[in-house]
2 protein chains.
Amino acid sequence: MNFDLSNLRQKFKDRDYKLTPQRQIILQVFIDNRDKHLSAEDVHNIVRQQANDIGLATVYRTLELLSELEILQKIDFGDGRSRYEINETSSPHHHHHLICLTCGRVIEFADDLMEDLENIIAENSNFSIVDHQVKFYGYCQECQMKRDE
Amino acid sequence: MNFDLSNLRQKFKDRDYKLTPQRQIILQVFIDNRDKHLSAEDVHNIVRQQANDIGLATVYRTLELLSELEILQKIDFGDGRSRYEINETSSPHHHHHLICLTCGRVIEFADDLMEDLENIIAENSNFSIVDHQVKFYGYCQECQMKRDE
DNA sequence: CTGTATGCAAAGCATTTGCAGAAAC
DNA sequence: GTTTCTGCAAATGCTTTGCATACAG
């Protein structure tokens with residue numbers, strides 16, 4: 001997906017949404033933090049550095065909007081808050097995370113095999129799959145080494 | 001896993017937990033509803049039919065306890081509340097759900113391929129996997145048919 | 001101009017916690 | 001008998017909402 005401003009501006013225009021300064025600033029946060037999984041509070045804290053009067057409610061409303069536009073992907077790591085990442089691919093797919101049970105670190109991984117699995121499941125269950133989320137829990141390399149010490 | 005009472009009683013005793021009437025009643029709810037994914041509120045409502053003075057806090061505390069004992073499995077379908085199901089297998093594995101985006105129905109499916117995928121990921125990423133959760137979002141057969149009408 | 005977006009504060013939910021009384025073992 | 005457990009109510013943490021004002025198109 002293309003994340004230059006003119007492209008995004010069009011996406012807003014198409015749906016009659018206004019591209020306000022607040023929304024631009026929040027968008028920029030995600031463009032600058034492609035590899036992170038930011039919570040609403042994270043975004044609010046970052047955003048306040050350049051515009052300290054943006055309300056938390058606006059952040060929430062914008063995150064919801066950007067998810068609806070498929071610019072962001074909402075993810076849930078089970079830590080009691082929703083997190084968001086920029087949706088790099090055009091299809092809402094490929095969100096796979098390795099979550100370390102010791103340090104909580106989240107590691108991304110690319111997949112190809114899930115597609116095959118999807119097809120098999122679709123065949124066996126008459127379920128039409130449009131998206132999947134996969135989380136693996138375990139221990140990252142660093143925590144494994146610490147454990148062995 | 002064996003879910004008869006004497007077995008469970010032992011499990012409590014081993015850890016110096018008391019098998020109170022409230023805990024027995026809550027356990028029974030899950031034994032009677034093996035195929036369901038019950039929220040704390042669901043459990044509270046069912047439990048109140050036979051003992052209307054069990055507090056919601058006790059339900060929450062018991063669900064946490066039973067999860068810790070690996071009698072229950074806590075799952076999250078992203079609907080804002082935690083759900084619990086009895087842990088049929090001895091290892092905390094094989095929780096795979098097809099979630100219908102139209103009606104919200106949750107369909108279980110058994111897997112074998114995930115084990116292979118786990119092994120490949122472990123090799124490629126030096127991540128030691130102990131558990132996984134997989135959710136597929138899509139449309140169940142019934143909703144597909146309604147859609148076509 | 002007009003309807004949408006914002007900030008603030010208050011409300012809403014699921015869940016957790018403090019505490020005094022109750023009850024397993 | 002003691003320690004653990006319970007019920008209640010209050011507190012918490014994330015998120016949503018109502019409303020008057022501000023502003024993008």
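Lettering of chains follows the sequences in order, A, B, ..., and the numbering in each one begins at 1.
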Asks: Looking only at atom types and distance, does a side-chain atom of B/Asn87 sit under 3.5 Å from a main-chain N or O of B/Glu70, one as donor and one as acceptor?
Replies: yes

Asks: Heavy atoms under 4.0 Å is the rule here; annotate nucleotides 10-22 of chain D 5' to 3' with B where the base is hit, S where only the sugar-phosphate is, and - elsewhere.
Replies: ----SBBBB----

Asks: Separation of B/Leu63 atom CG from C/dT15 atom P, in whole Å?
Replies: 9 Å

Asks: Take atom CG of A/Asp16 and atom C1' of C/dG3, then tell me their distance rounded to the nearest Å.
Replies: 11 Å

Asks: Are any non-hydrogen side-chain atoms of B/His97 and B/His37 less than 4.5 angstrom apart?
Replies: yes

Asks: Taking five pairs at each end, how big is the angle between the two axes of the helix from C/dC1-D/dG25 to C/dC25-D/dG1, to 10°?
Replies: 40°

Asks: Using a cut-off of 4.0 Å on non-hydrogen atoms, how would the nucleic acid contact of A/Asp53 be classed: base, sugar-phosphate, or nothing?
Replies: sugar-phosphate

Asks: Does B/Tyr137 have its ring centroid less than 6.0 Å away from the ring centroid of A/His132?
Replies: no

Asks: Does A/Glu64 have any side-chain contact (heavy atoms from CB on, under 4.5 Å) partners at least two apart in sequence or in another chain, and if so, which?
Replies: none

Asks: CG of A/Asn52 versus P of C/dT6: gap in Å, rounded?
Replies: 16 Å

Asks: side-chain hydrogen bond (donor to acceptor under 3.5 Å, both in side chains) between B/Gln10 and B/Asp14: does it pass, once the steps are laid out?
Replies: CA-CA 6 Å; B/Gln10 189 57 43; B/Asp14 289 348; 2.8 Å; yes

Asks: Would you mind reading off the distance between B/Gln24 atom CD and D/dT6 atom P, rounded to a whole angstrom?
Replies: 11 Å

Asks: Between A/Asp76 and A/Lys135, which heavy-atom pair has the shortest distance, and what is it?
Replies: O-NZ, 2.6 Å

Asks: Measure from CZ on A/Arg23 to C1' on D/dG25 and round the result to the nearest Å.
Replies: 13 Å

Asks: Find the distance A/Arg15:CZ to C/dA5:P and express it as a whole number of Å.
Replies: 12 Å

Asks: So, using side chain to side chain donor-acceptor pair (under 3.5 Å) as the criterion, who are the partners of A/His44 when residues are at least two apart?
Replies: A/Arg48

Asks: Which residues pass the salt bridge (charged side-chain N to carboxylate O under 4.0 Å, His left out) test with B/Arg61, sequence neighbours left out?
Replies: none

Asks: Whole angstrom is fine here: how far is it from CD1 in B/Ile25 over to P in D/dT6?
Replies: 11 Å

Asks: Say whether, by atom type as modelled, one donor and one acceptor occur between the side chain of B/Ser67 and the main chain of B/Leu63 under 3.5 angstrom.
Replies: yes

Asks: Enumerate all atom pairs, one protein N or O and one N or O from nucleotides 21-25 of chain C, separated by less than 3.5 Å.
Replies:
residue	atom	partner	partner atom	Å
C/dA24	N3	B/Lys18	NZ	3.0
C/dC25	OP1	B/Leu19	N	3.4

Asks: Using whole Å, what does the distance between atom P of nucleotide D/dA9 and atom CD1 of B/Ile54 come to?
Replies: 17 Å

